[in-house]
Amino acid sequence: MARKQTDGASRAAPGVVTLKRRSEFLRIRKGARWATQAFVLEAKPRSDQDRPVPAAAPRFGFTVTKQIGKAVERNRIRRRLKAAVRNVQMDHAKRDFDYVLIARRPALNSAFDALVGDLVKALDRVHRPAGQGRRGRDVHK
RNA sequence: CCAGCUGGCCGGGCGGCCGCUGCCGGGGUUGCAGGCUUUGCGGCCGAAGCACCCGGUGGAGGAAAGUCCGGGCUCCAGGGAUCAACGGUGGCGGCUAACGGCCGCCGGGGGUGACCCCAGGGAAAGUGCCACAGAAAACAGACCGCCGGAGCGGGGCAACCCGCAAAGGCAAGGGUGAAACGGUGCGGUAAGAGCGCACCGCGUCUCCGGCAACGGAGGCGGCACGGCAAACCCCACCGGGAGCAAGACCGAAUAGGGGCGGCACGAUGCCGGGGCGACCCGGUAUCAGGCGAGAUCCAGGCCGCCGCCCGGGUUGGUUGCUCGAGGCUCGGAGCGAUCCGCGCCCAAGAUGAAUGGCCGUCGCGGAGGGGCAACUCUCCAGACAGAACCCGGCUUACAGGCCGGCUGGCAAA
RNA sequence: UGCAGGGUGGAGCAGUCCGGUCAGCUCGCGUGGUUCAUACCCAUGAGGUCGCCGGUUCGAAUCCGGCCCCUGCUA
């Protein structure tokens, strides 16, 4: 509740590079995964074959299925997740990784600060070597 | 003032930090692309492309929704006419590009009223259905009943009285049903009945008003016409199919397909070639034949046509893509929908899909508290919902608010 | 995005075209019987706003219109 001093601002953050191909989404499904109340994060290092440009920035894909809500709610969820990614990607994401965020219903109304916190934690867990923290399930509020 | 009806409109404002996207202008050193040069490394050029940087500017809805109608646009079906089949619409007149939409009017129903609702053509063209109940459910018919009284029985001296009751007449009353072959009243009668009369309803004819739906008046008929067409149907009118994932271009890749079956592969003339020759091959013309979407016809076209099966490839980019039955002001015509004229304006174009994320503040609404009051404090609420080629409608969802008109009641003047 | 099909007891389905007799079938469930006991079997019973809201009709699961949901197909 003490978000007054932040003034809602974030430091200069570049735009988010998004995934566009269905094949890219399918590839990342096989990577590391971490779930929170508001979303599921999947991550996988970019393979050397499909690298048109040398790794300049991390790439993110967003999945919001029809079961979650109507179009207005789905759009809002995708924008909030995108804004959260924009706030943290410089400090917590790896530039040679691809990520996919699968939205869940609470992403619509949960506090934005909590969403950002979850994302930082999820990014951290997903970068650990395989076998530790894989398929984890988050239990905090 | 209270209660209500109705038409139109709005769908928070301002600000801060950080972002997305279209367009315009400037830069564009390094990078990509382009041009020139070199055997090559490399070098140079210009600022006309992209990335990137800076500045400016535009950026969701009244329903963007549901996809229920009508169009534009694109491709496909070879053109036209008539019919059939199928689907849709359904009072009349108008508006419109068109509509199943809108406006006005008519008819019916509801409401004290403003006003609201109605798929509202045809049931004497035909077919079909009307369960249960009821006597009877559709050219009528008669259960109880009413009248009638041949005759029979009993009583009485008799007149006569009491009881039973056939033929025949009737459809008023009872009862059933959603619906019972006009309704109410008076006359009439043995009892009754449109049997007669009045009014209402119905049918029909004439006249008047109206473009019409229809309304009004009068005459006649004497009831003969039940309901259902959102049952088949009849009548009138309308309708080819698919849809921007339509379609076009560039690039990549694969293929320039294969097999089976059916029907038809005919006749004549001319030309050329081959052959000793019968004849063969090719071209061309006419006729015949065949072929496209259910049939027929007309004009015209094509020369093989039709059916089934198997195999292979692409899921990149550009375009279509936003100036259009477009919006606004003013004036005019019309009751109105709408139309006309002048002027002004350009108003989202994304494509794993932009138009936002976080926050502050003001104003508005509701509840509670303090204060005589102006006012002030706290809490809560702020909906439905996101363009996907574009328009015109319909339907559905929606917190709160603004403006106008009207009706009923109460009070005052 | 465009287009088809379907919603009936707990489950799977009839009935809808041609409206009353209509709400039925199989499995499942309850009770009783049979058996030492269970299953099978026999008898019996409960359970349905016919997806929702209107309209047409005397009468609607059925006919008509509008919404909601599910499934499938579509470069």
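Naming: A, B, ... by sequence-line order, numbering from 1 per chain.
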Q. A/R76 side chain to A/N109 main-chain N or O, any donor-acceptor pair under 3.5 Å?
A. no
Q) Which nucleotide, B/rG356, B/rA385, B/rC358, lies nearest any side-chain atom of A/R86? A) B/rG356
**Q.** Separation of the P atoms in B/rU268 and B/rC303, to the nearest angstrom
**A.** 23 Å
Q. What residues form a ring pair (Phe, Tyr, Trp, His ring centres under 6.0 Å) with A/F39, not counting sequence neighbours?
A. none
**Q.** Results of side-chain contact (heavy atoms from CB on, under 4.5 Å) for A/R79 - residues two or more places apart only
**A.** A/N75
Q: Measure from CG on A/L101 to P on B/rG352 and round the result to the nearest Å.
A: 19 Å
**Q.** side-chain contact (heavy atoms from CB on, under 4.5 Å) involving A/A83 - partner list, sequence neighbours excluded
**A.** A/R86, A/F112
Q: Name all residues meeting the salt bridge (Lys or Arg N to Asp or Glu O under 4.0 Å) criterion together with A/R105; count only those two or more places apart in sequence or in a different chain, and write none if there are none.
A: A/E73
(Q) For the backbone of A/V40 and the side chain of A/R33, can you confirm whether one donor and one acceptor N or O come within less than 3.5 Å of each other? (A) no
Q | A/R79 side chain, from C-beta outward: closest of B/rG356, B/rC358, B/rA385 | A | B/rG356
(Q) In this structure, how many angstroms lie between the P atom of B/rC18 and the CZ atom of A/F112, rounded? (A) 15 Å
Q.
Once side-chain contact (heavy atoms from CB on, under 4.5 Å) is applied, do any residues pair with A/V88, and if so which ones, sequence neighbours excluded?
A. A/H92, A/V116, A/L119, A/V120, A/L123
Q. When the P atoms of B/rG121 and B/rC232 are considered, how many whole Å apart are they?
A. 15 Å
**Q.** Separation between the P atoms of B/rA353 and B/rA33, rounded to whole Å
**A.** 27 Å
Q. Say you pick atom C1' in C/rA23 and the same atom in C/rC67; how far apart are they, in whole Å?
A. 26 Å
Q) Which one is paired to B/rA242, where only Watson-Crick or G-U wobble pairs with both distances under 3.5 angstrom count? A) B/rU74
Q. What base-paired stems does RNA chain C take part in, with at least 3 consecutive Watson-Crick or G-U wobble pairs and both distances under 3.5 Å?
A. C:2-7 with C:68-73, C:10-13 with C:24-27, C:29-33 with C:41-45, C:51-55 with C:63-67
(Q) The side chain of A/T63 is closest to which nucleotide in this list: B/rA354, B/rG356, B/rG352? (A) B/rG352
Q | Which nucleotide in B/rA385, B/rA353, B/rA60 has an atom nearest any side-chain atom of A/N75 | A | B/rA60
**Q.** Between B/rA381 and B/rC364 - C1' atom distance, rounded Å
**A.** 12 Å
Q) How would you list, by chain and number, every residue that makes a side-chain hydrogen bond (donor to acceptor under 3.5 Å, both in side chains) with A/D124, sequence neighbours excluded? A) none
Q | Nucleotide of B/rG356, B/rC358, B/rA387 approaching A/A71 most closely (side-chain heavy atoms) | A | B/rA387
(Q) Using atom P in both nucleotides, what's the gap between B/rC281 and B/rA253 to the nearest angstrom? (A) 46 Å
Q) Within the structure shown, what part of the strands sits under 4.0 Å from A/R74 by heavy-atom distance: base, sugar-phosphate, or nothing? A) nothing
Contact list (N/O, under 3.5 angstrom) for nucleotides 67-69 of chain C vs protein:
none

Q | A/R80 side chain, from C-beta outward: closest of B/rG386, B/rG357, B/rG352 | A | B/rG357
Q: Can you sort out the partners of A/F62 under ring pair (Phe, Tyr, Trp, His ring centres under 6.0 Å), two or more places apart, ordered by chain and number?
A: none
(Q) Angle between ring planes, A/F60 versus A/Y99, binned at 30° and 60°: parallel, tilted or perpendicular? (A) parallel
(Q) With a 4.0 Å limit, can you tell me whether A/R78 has a side-chain N or O closer than that to the phosphate oxygens OP1/OP2 of B/rC20? (A) no
Q: Could you work out the separation of B/rC265 and B/rG290 based on their C1' atoms and round it to a whole Å?
A: 10 Å
